[in-house]
Amino acid sequence: MARLALMAAAVVLAFLAAVPVTEVAAKRWIVGDNKFWNPNINYTIWAQDKHFYLDDWLYFVYERNQYNVIEVNETNYISCNADNPIANWSRGSGRDVVHLNVTRHYYLISGSGGGCYGGMKLDVLVEKPPPHQPQHLSRTMQDEPSPTWFCTSVCHSSSCFTMMGQCGTRYCGFV
């Protein structure tokens, strides 16, 4: 029985070594860059030259006792109405992550401390990556200072999230 298991493991290892690994990168965006999630910052300007792709992450850093991150519909985004949020992404630490796992608009505001009225609102359109996108898909670990992980098994968004915690760029090998 042990011999059979050893042979099966050898076959799997040989298969993994022979099959080319495709690299898939998801980008972690620090909202506001070094200004973070704070009032009096124009997040429309911050986002205008960026492309947000499926499985990217938005990382919000802010004063936890003053602000939050909630998702609302377009009407409530425009009016800064936090009464009926779609989702509350705040976890109490002031370091929150929004996984962009659906291709659609995400309307995010700070619903506390008057943050939305002070400009703390972000509209992000998430797209599928283009079929050939060398810059986005061929990044290496040296291209980005943030932590990276490599998954050697089939990787789904939720399992990679567990492996990397709540931040980081994700590189997964699909076999």
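Just so you know, these numbers come straight off a predicted model, no measurement behind them.
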- Query: By the rule that ILVMFWY residues connect when side-chain heavy atoms come within less than 4.5 angstrom, directly or transitively, which residues belong alongside Y117?
  - Reply: none
- Message: Is it the case that the ring center of F52 lies less than 6.0 angstrom away from the ring center of W29?
- Response: yes
- Is it the case that one hydrophobic cluster holds both I109 and Y62, taking links as side-chain heavy atoms less than 4.5 Å apart, direct or via other members? no
- Task: Report the C-alpha distance between R104 and E74 in whole Å, list the side-chain angles of each, state the deciding distance to 0.1 Å, and finish with yes or no for salt bridge (Lys or Arg N to Asp or Glu O under 4.0 Å).
- Result: CA-CA 12 Å; R104 64 177 174 88; E74 183 179 15; over 6 Å; no
- Message: Test your reading of the model: is there a side-chain donor-acceptor pair from S110 to the backbone of V69, 3.5 Å cut-off?
- Response: no
- Item | F60 and its side-chain contact (heavy atoms from CB on, under 4.5 Å) partner, picked from I30, L108, V97 | L108
- Message: Could you walk me through whether Y53 and K128 satisfy the side chain to side chain contact (heavy atoms under 4.5 Å, CB included) test, starting with their C-alpha distance in whole Å, then the side-chain angles of each, then the deciding distance to 0.1 Å, before giving a yes or no?
- Response: CA-CA 6 Å; Y53 294 112; K128 289 183 180 176; over 6 Å; no
- Okay, side chain of R95, backbone of G92: is any donor-acceptor separation there less than 3.5 Å? no
- Query: Shared ILVMFWY cluster between L100 and V102, side chains joined below 4.5 angstrom?
  - Reply: yes
- Query: Has K121 got its NZ or CZ under 6.0 Å from the middle of the six-membered ring of Y77, at an angle within 45 degrees of the ring axis?
  - Reply: yes
- Please work out whether the ring planes of Y107 and H105 are parallel, tilted or perpendicular, with thresholds of 30° and 60°. parallel
- Query: Linking I/L/V/M/F/W/Y whenever any side-chain heavy atoms sit under 4.5 Å apart, do V126 and I70 land together?
  - Reply: no
- Query: Y106, V72: one ILVMFWY side-chain cluster at the under-4.5 Å cut-off?
  - Reply: no
- Query: Taking atom CD1 of I86 and atom CG of N88, what is their separation to the nearest 0.5 Å?
  - Reply: 12.5 Å
- Salt bridge between K50 and E127, side-chain N to carboxylate O under 4.0 Å? no
- Query: Is there a donor-acceptor pair closer than 3.5 Å between any side-chain N or O of N76 and the backbone N or O of N73?
  - Reply: no
- N38 side chain vs K35 backbone, donor-acceptor pair below 3.5 Å: yes
- Query: Are the side chain of D56 and the backbone N or O of K27 linked by a donor-acceptor pair below 3.5 Å?
  - Reply: yes
- Item | Short side-chain to backbone donor-acceptor contact, N68 and S90, under 3.5 Å | no
